[in-house]
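First the proteins, then the strands, lettered A, B, ... as listed; each starts at 1. All values derive from a computational prediction rather than experimental measurement. Values below: every heavy atom of this structure, side chains too, minus hydrogens, waters and symmetry copies.
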Number of protein chains: 4
Amino acid sequence: MATNQRGKEKEILKAATIVFSDKGFHNANMGEIAQRAGIGKGTIYEYFKNKEDLFFQMVDFNLEHYIASLNDRVQSAVGFDEKFHGFIDFHYELVNRNMKLADFLFKSEQISLKAETKKKVADVLFNARARAVGIIADILRIGQQEGKIRDIDREFTADILINMILGCCGRHATRKQRDEGFALEKEKLMSMIMEGIG
Amino acid sequence: MATNQRGKEKEILKAATIVFSDKGFHNANMGEIAQRAGIGKGTIYEYFKNKEDLFFQMVDFNLEHYIASLNDRVQSAVGFDEKFHGFIDFHYELVNRNMKLADFLFKSEQISLKAETKKKVADVLFNARARAVGIIADILRIGQQEGKIRDIDREFTADILINMILGCCGRHATRKQRDEGFALEKEKLMSMIMEGIG
Amino acid sequence: MATNQRGKEKEILKAATIVFSDKGFHNANMGEIAQRAGIGKGTIYEYFKNKEDLFFQMVDFNLEHYIASLNDRVQSAVGFDEKFHGFIDFHYELVNRNMKLADFLFKSEQISLKAETKKKVADVLFNARARAVGIIADILRIGQQEGKIRDIDREFTADILINMILGCCGRHATRKQRDEGFALEKEKLMSMIMEGIG
Amino acid sequence: MATNQRGKEKEILKAATIVFSDKGFHNANMGEIAQRAGIGKGTIYEYFKNKEDLFFQMVDFNLEHYIASLNDRVQSAVGFDEKFHGFIDFHYELVNRNMKLADFLFKSEQISLKAETKKKVADVLFNARARAVGIIADILRIGQQEGKIRDIDREFTADILINMILGCCGRHATRKQRDEGFALEKEKLMSMIMEGIG
DNA sequence: CATGAATGAGCTTTCATTCAT
DNA sequence: AATGAATGAAAGCTCATTCAT
C-alpha cells in the first residue's frame, strides 16, 4: 500500500510557492526552499531539473489549482447572478487569502528567465487566462439567456472583465496593505460593470 | 559655461531605463549600464548610491515623464470626448512605442528589493497612479458637466478605468507579440465603459 | 548452482573500464557505471569500498589481463624473430583495438587520487611494467643465444624498448585519430631498433 | 612609465602551473590558484574566461617556454655531438628540475575537458611536439653531413627519439622517486640509439 | 544481498562595490 | 570628477556515499 514513493514533489512545490512569491525568482534561493520543505538541497534536483524548471512547475501547479477552484465555485452556483457574484467574490477571497501569491503569479511573465523557460511560463499563463476567460464568457452567455446582459462580444468582454477584476483586486490588496478603506467597493464595481458610466 | 553639470546623471538614467526594462532588475548589470551611458563603471557611484538607488531613481524619472506627458496630452484637448479619447489613445501609443518599458514600470513593485527601496518604489508608483487617477477624475467631472456621464463616484471610477486601460494595453501588447488581431478593440472598450454590459 | 557468485564483480569492472577510459576518473560517474553494469548504484558499494578503490581494482584487472595476454602471445611464438615481432604486433593490435583504454591505462599514474590509492595504482603499474620488461629481456636473451643481438644490458634495453613501443603506439593512435598515414612505420621502427642510427 | 598595468597574468599562469601539475585539472581549485598567486579569486576571471581556459593558456605558456629553451640550448651548441648531447641533457635536466610538470604537460591531452578546449590543448601539444621533432631532425641532418648518422628517415627517427627521450626521462623520474640507481643510463641510451641492438 | 532516494560538501562562476590613481 | 582593476560574498548545481527498506 506504499503510496508516497518519491512523494516529496508536492512538498517542494509548496515550499517553492512560498519562497518564490515572497522573495521573487532571483532573490529566492534553493537552500531556503529545501529547508522550508524539510529536505536536503540536493533532493530538489531529484525532482526538478534546475531552478527555472522548479519555478515553471510551481507556476503551473498554482495556476492549475486556481482554475480548478474557480471552476468549482462557478459550477456550484446557479443562475447568472449567483455565478457572476461567485466569480468576483472568488477573486477577492483569493487576494485576501494570499495577496502576494496572486499578484506574483499573474505577473510572473515579467521575470527574466532563459528564453525557453520564459516561453513555457508565458504559455501556461496564457492558457490559464484563456480558461478563466472561457468561464466568464459562459457566465455572460447565461446572463444573455436570462435577458440580463445585452448583446455584446462575450469573449472580448470576458477579457476586459478579467483585467478589471485582477486590477481591482490588486488595488484592493494595496489599500489593505496601506490600511485604507475599501468598503462598498464591490457594489460600485458591479454597478459600473452592469451599467457603464454613460 | 556651466550647463551640463550633472548632465551625466540623465545619460545614466536613460541607459538604466533601457537595460533594466530589457533585462529586469536582477539580470541587468552595472557594467552594461555604464557602457551604454558611455562612462566608466565607477562613475555611476558618483551619482547614485547603489544599484537599488539607481533603479528607484530610474522608475521615478520615467513615471515623472509619463505623468507630465499624459497631462500635456489631456490639457491640450478640449471637451470630454476629446480628452477621454486622448487619454486612452495616449496609453495605447505608450505601449506601442515601448511595450517592455510600460509593462515593466507598472509592475516594478513586484521586483524583490530591500524593504526600504521597495517602499520608495511603491510610493512613487502609488503617487503616479494617484495623479493619473486625478487626471481622469477631472475628465469625468467635465463629462458630468457636459451631461455625458451619469452621477458616479469619480475617484473610484477613475481607479477602475486605470486598471482597465493598463490591463487592456497589457493584453494588447501580449497579442501584438503573438501577432493576433486586436482591431476595433478600442471601440469595444469605449462602448463597454460608457454603456456597461447590462 | 553456486557458479556466478561474485559474478557481478566482473560486470562492474568491465563497466568501469569502459566508463573510466572514456570519461577519465573525475568525469566518470558511479551512476553510469552501475547502469552500464545493469545493477543499482548502491550495489557497487557491496563489492568496492569507494570510487577510488573501484578505479584501482579496474586498473589492476586490466593490467593483469594485458600481461597474461602478452605472455600467451610470446610463449606461443618460436625463436627470437617470431617472438620479437609478436611482441611488437601485440602492442600495435592492442592500441588498434582500444586506443583509449591502452593510453589511459599506462597514464593512469597521472590521475590525481588520494596518496594511498595513488601508491597502489603506481605499484600495480610498476609491477606490470616490470613483468613486461621481464618478458622482453627474455626475448633478448634468446636473441643473444641465436647470435642476433649484441652484448647489451638486457634489462635496460628492455626498458627502453617498452618506452619506444608504447610511445610509438601512442603516436600511432594520435595519427590514426588525425587520419595521417603511418604505413611502414613498424618496419622502420624495427630497423632502428636493430641497427641504430649510427 | 607604468608597465605592469594588468600585469597579473603571468603570476596567475605560474600559480596555475604549480597547482594544476600538483593536483591535476579536476582536483585543482580556483581558490588555491588565486591564493598562491596572491590575488582574489575573482581576479582570475579578469584574465581568463574560465577554468578550462586557464588550463589551456597554462599548457600553452609552458610548452612555449619549453620549445624556446630547447631551441636556445641546441642553437648554442656546435656540431652534431654537442647538439645531440645537449638535446638529451636538456630533457634530463627538465625532468630533474620539475618531474611532475614535465610528465603532466606531455600527458595533458588525456584530461577530460569540453571538446573545444580539448582540441585546443591537443593542437598546442601537437604543435610543440612537431617543433621538437623539427629540432631533432635538424640535428640528425647535421649528423649526416658529418658522416656520423646513416641514411635514415630523419622525421620518423626524430619522432621515435622524442618518445625514447620522454619515456626514458619519465622512467628516470619514477626511479628517482623510488630512490633507485640510474647512473650511466644516459651512456647506455646513447649507445643504443647510435648502434642499435643488432 | 540489492536498491535508489536522499543527502550536503564542495566546486565554479558572477557581479555589485570599493578605492588607489 | 572619473576610472576600472581588484575583490569576495553568495548562489546553483553535481555526485559519491549512505542507509532504510
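- Side-chain N or O atoms of A/His26 include none that pairs as donor or acceptor with a backbone N or O of A/Ile111 at under 3.5 Å.
- Between the P atom of E/dA6 and the CD1 atom of A/Ile12 lies a distance of 8 Å, rounded to the nearest Å.
- Between the side chain of A/Ser21 and the backbone N or O of A/Thr17 there is at least one donor-acceptor pair closer than 3.5 Å.
- Applying the side chain to side chain donor-acceptor pair (under 3.5 Å) rule to B/Lys23 yields the partners B/Glu32; only residues at least two apart in sequence or on another chain are considered.
- In this structure, of E/dT3, F/dT3, E/dA6, it is E/dA6 that holds the atom nearest to the side chain of A/Thr43.
- The separation between B/Asp53 atom CG and E/dA16 atom C1' is 14 Å, rounded to whole Å.
- Atoms CD (B/Glu32) and C1' (E/dA16) sit 15 Å apart, rounded to a whole Å.
- Using bins of under 30°, 30° to 60° and over 60° for the plane-to-plane angle, the ring pair D/Phe25/D/Phe20 lands in the parallel bin.
- Between the side chain of A/Glu52 and the main chain of A/Lys114, a donor-acceptor pair closer than 3.5 Å is present.
- In summary, the aromatic rings of A/Phe61 and A/Tyr66 are positioned with their centroids too far apart to meet the 6.0 Å limit.
- Among residue pairs with one or both ends in residues 30-54 of chain C, none qualify as ring pair (Phe, Tyr, Trp, His ring centres under 6.0 Å); sequence neighbours excluded.
- Residue-level contact check: A/Phe48 touches neither bases nor backbone, having no heavy atom under 4.0 Å from any strand.
- In DNA chain F, stems built from 3 or more consecutive Watson-Crick or G-U wobble pairs, each with both distances under 3.5 Å, span E:2-21 with F:2-21.
- In this structure a side-chain-to-backbone donor-acceptor pair under 3.5 Å is present from B/Asn62 to B/Met58.
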Short N/O separations, protein against nucleotides 9-13 of chain E, under 3.5 angstrom:
residue	atom	partner	partner atom	Å
E/dG10	O6	A/Lys41	NZ	3.0
E/dT12	OP1	D/Ala28	O	3.4
E/dT12	OP1	D/Lys51	NZ	2.8
E/dT12	OP2	D/Met30	N	3.2
E/dT13	OP2	D/Tyr45	OH	2.9
E/dT13	OP2	D/Lys51	N	2.9
E/dT13	O4	D/Lys41	NZ	3.2

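- Under the side chain to side chain donor-acceptor pair (under 3.5 Å) criterion, A/Lys49 pairs with no residue, sequence neighbours left out.
- In this structure, the CD1 atom of B/Ile44 is 18 Å from the P atom of E/dC19, given to the nearest Å.
- In this structure, D/Tyr47 atom OH and F/dG4 atom P are separated by 14 Å, rounded to whole Å.
- Here the P atom of nucleotide F/dC15 and the CD atom of A/Glu46 are 12 Å apart, to the nearest Å.
- The separation between C/Glu9 atom CD and E/dC1 atom P is 11 Å, rounded to whole Å.
- A pairwise comparison of heavy atoms in B/Lys118 and B/Ser112 identifies NZ-CA, 4.1 Å as the closest pair.
- Near DNA chain F, meaning a heavy atom under 4.0 Å away, there are no residues from residues 33-40 of chain C.
- Contact annotation: the side chain of D/Val121 approaches that of D/Leu113 to within less than 4.5 Å [non-hydrogen atoms, C-beta and beyond].
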